[in-house]
J.: 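Take a look at the following structure, please.
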Protein chains: 2
Amino acid sequence: MTMISVVIAEDQALVLGALAALLKLEGDLDVVGRAANGQQALALCESLRPDILLTDIEMPLMTGLELAAALAAQSLPTRVMIVTTFARSGYLRRALGAGVRGYLLKDAPAETLAAAIRTVHAGGRAIAPELALESWSGKEDPLNERERQVLRLAGEGRSSADIARQIHLSEGTVRNYLSEAISKLDAGNRVEAFRLARDAGWL
Amino acid sequence: MTMISVVIAEDQALVLGALAALLKLEGDLDVVGRAANGQQALALCESLRPDILLTDIEMPLMTGLELAAALAAQSLPTRVMIVTTFARSGYLRRALGAGVRGYLLKDAPAETLAAAIRTVHAGGRAIAPELALESWSGKEDPLNERERQVLRLAGEGRSSADIARQIHLSEGTVRNYLSEAISKLDAGNRVEAFRLARDAGWL
DNA sequence: GGGGCAAGCTGACAATTGTCATGTCAAAGT
DNA sequence: ACTTTGACATGACAATTGTCAGCTTGCCCC
């Protein structure tokens, strides 16, 4: 019996440990490494060459999506699976774009995890069913980089003047971008626009 | 050797399963029940009378804090421990007020969990060290109920007029509450005020 | 060289937001 | 009875925000 080697990346240590314990119950899975952030995970994958990388998205230093892209760029043999809280179609889209093989939600039943790992190891894909459909129906990200940037800052409570200073644009321009974003997202103000964009996974 | 019986409440099924697996590795812990929300957890504690309830805070139907209060109100023998992502001093304060015996963060190392459970079972307390100090130094919630309510809605992107309609106040009054909240929290605008309040655990 | 085009800026205007001072009213203290 | 207090309201004002049209610049492409 060949073991499937797995590296797990997850910034919440308790969850990381718990996931490892969960996988250890399976006879055919071997947790060979653990990382608390994206950079560690990248290093581990480069040195250990595991069959599977199981990674969260929102982590310090490097997100799971950036990590997936980095691994794809150097064509490592490791297959990447995302395990996240967020059912944001923008995340899934980006993940698929980065060649990810699995995208599971943390509120899937625990048994599905091992099954999904085996599926992916065997060459298949494992996408959370509630997202699989929505994925292509969901809209494309309409924001450009400036709009995204400005919206992120606005969402943190910074004023237009503040934002302008911080990214070296005039205040009017900042207001223009914000206005554009608001209208593209069909929102009523910056706060709503921010929430819509964030919840869609576009930030 | 007496087993310590534990019920776990956590809305993310995968994490729930993983935590159960983690505890199963410990010889002296017995996971006798699992709940996906606060109400289920309450029912389980009433029927199973476990030694320990391990619960998340943010869950559907009933939060972990409400759950703790409900258990305290009927003086069940079960000792409650919170395990959460959020290092919000307001949460900890409320938890302690509800007689909770443990408050751990999900980014604590996995080994601490079992140790903390034993400590609590033996009659002690287990508070995440990064919070233990801050707990009393942290400020008291300065907001009154109206301010909280208005701030929550503002944080969702609703306009003052919108909020006024929704809670049947005049727009001026809404602005007044918002203004009060902003100044109490020493923020520059509603968005910042919202974030500060939320991050302190006051919403 | 000229046309199209995207990134930025500006100025003007209306709407919304934040601040204040002041007023009413009912409940709670004294 | 007489404050005090808290909840809610008003109106006025300044600052910020959202919308729009038009201007400049540099870049690419033919």
Side-chain angles (χ1 to χ4, degrees), chain A residues 66 90 93-94 97 139-203, chain B residues 90 93-94 97 138-203:
Chain A
E66 291 162 351
R93 189 184 309 270
R94 268 201 278 165
K139 293 123 202 68
E140 201 59 65
D141 179 354
L143 303 174
N144 65 36
E145 190 45 37
R146 279 308 202 188
E147 288 158 359
R148 239 192 303 286
Q149 190 181 14
V150 157
L151 207 45
R152 266 193 296 259
L153 292 168
E156 293 176 5
R158 313 236 151 278
S159 71
S160 307
D162 226 2
I163 297 172
R165 238 168 285 124
Q166 186 156 351
I167 64 180
H168 309 295
L169 288 181
S170 88
E171 183 182 335
T173 306
V174 168
R175 294 222 299 278
N176 286 160
Y177 283 134
L178 243 8
S179 185
E180 255 307 287
I182 290 168
S183 103
K184 279 179 179 176
L185 297 173
D186 199 27
N189 57 53
R190 48 180 75 195
V191 185
E192 198 186 341
F194 172 75
R195 303 208 125 214
L196 289 171
R198 177 163 50 48
D199 292 353
W202 293 331
L203 294 185
Chain B
R93 190 184 308 271
R94 270 201 277 165
K139 293 118 201 71
E140 200 60 64
D141 179 354
L143 304 174
N144 64 36
E145 190 45 38
R146 279 307 201 188
E147 287 158 0
R148 240 191 303 286
Q149 190 181 14
V150 158
L151 206 46
R152 266 193 297 260
L153 292 168
E156 292 177 6
R158 313 233 152 279
S159 72
S160 307
D162 225 3
I163 297 172
R165 238 169 284 123
Q166 185 156 349
I167 63 180
H168 309 297
L169 288 181
S170 88
E171 183 182 334
T173 306
V174 169
R175 294 221 299 278
N176 285 161
Y177 284 135
L178 244 8
S179 184
E180 254 305 289
I182 290 168
S183 103
K184 280 179 179 177
L185 297 173
D186 200 27
N189 57 52
R190 47 180 76 195
V191 185
E192 198 186 341
F194 172 75
R195 304 209 125 213
L196 289 171
R198 175 162 52 46
D199 292 353
W202 294 331
L203 294 185

J.: Can you tell which of A:Arg190, A:Glu171, A:Arg175 makes a side chain to side chain donor-acceptor pair (under 3.5 Å) with A:Ser160?
T.: A:Arg190
J.: Kindly point out which of C:dT19, D:dG18, D:dA9 is positioned nearest to the side chain of A:Arg175?
T.: D:dG18
J.: Taking CG from A:Asn189 and C1' from C:dT16, how many angstroms apart are they, rounded to a whole number?
T.: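 Spelled out: CG on A:Asn189 to C1' on C:dT16 is 10 Å.
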J.: Take the protein atom NE2 of B:His168 and the nucleotide atom P of D:dA7, then report the distance between them rounded to whole Å.
T.: 19 Å
J.: Under 4.0 Å: is that the gap between some side-chain N or O of B:Ser160 and OP1 or OP2 of C:dT17?
T.: yes
J.: Would you indicate whether the side-chain heavy atoms of A:Tyr177 and A:Leu169 approach each other to under 4.5 Å?
T.: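 Counting from C-beta outward, A:Leu169 and A:Tyr177 do come under 4.5 Å.
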J.: Please tell me which of the listed nucleotides, D:dT19, C:dT17, D:dA9, lies nearest to the side chain of A:Ile182?
T.: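 Per side-chain heavy atoms of A:Ile182, the pick is D:dT19.
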J.: Whether A:Glu156 and A:Arg198 form a salt bridge (side-chain N of Lys/Arg under 4.0 Å from carboxylate O of Asp/Glu) is what I want to check.
T.: no
J.: In whole angstroms, how far is the C1' atom of D:dC8 from the CD atom of B:Glu145?
T.: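 Taking CD of B:Glu145 and C1' of D:dC8, I get 16 Å after rounding.
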J.: Whether A:Glu145 and A:Arg148 form a salt bridge (side-chain N of Lys/Arg under 4.0 Å from carboxylate O of Asp/Glu) is what I want to check.
T.: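 A salt bridge is present here (some side-chain N lies under 4.0 Å from a carboxylate O).
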J.: Which whole-number value in Å describes the distance from B:Phe194 CZ to C:dT17 P?
T.: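 The answer, rounded to whole Å, is 16 Å.
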J.: What's the CD-P distance between B:Glu147 and D:dA7, to the nearest Å?
T.: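 The answer, rounded to whole Å, is 8 Å.
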J.: Side chain of B:Asn176: nearest nucleotide among C:dT17, C:dC20, C:dC9?
T.: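 The answer is C:dC20.
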J.: Using OP1 and OP2 only, check whether a side-chain N or O of A:Ser170 sits under 4.0 Å from C:dG8.
T.: no
J.: Check whether any side-chain heavy atom of A:Asp162 lies under 4.5 Å from a side-chain heavy atom of A:Leu153, and answer yes or no.
T.: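 A:Asp162 does not reach A:Leu153 side chain to side chain.
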J.: For D:dT19, does OP1 or OP2 lie under 4.0 Å from any side-chain N or O of A:Ser179?
T.: yes
J.: Return the value, rounded to whole Å, for the distance between atom CD of A:Glu192 and atom C1' of C:dA15.
T.: 16 Å
J.: When you check the phosphate oxygens OP1 and OP2 of D:dT17, does a side-chain N or O of A:Arg190 lie under 4.0 Å from one of them?
T.: yes
J.: Just N and O in the side chain of B:Thr173: are any of them under 4.0 Å from OP1 or OP2 of D:dA9?
T.: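 Answer yes for this pair, as a side-chain N or O of B:Thr173 is under 4.0 Å from OP1 or OP2.
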J.: Atom CG of B:Leu143 to atom P of D:dG6: distance rounded to whole Å?
T.: 15 Å
J.: Below the 4.0 Å mark, does C:dG8 have OP1 or OP2 next to a side-chain nitrogen or oxygen of A:Tyr177?
T.: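 Checking A:Tyr177 against C:dG8: at least one side-chain N or O falls below 4.0 Å of OP1 or OP2.
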J.: Please state how far atom CG in B:Leu169 lies from atom P in D:dT10, giving the value in whole angstrom units.
T.: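 Rounded to the whole Å, the gap is 11 Å.
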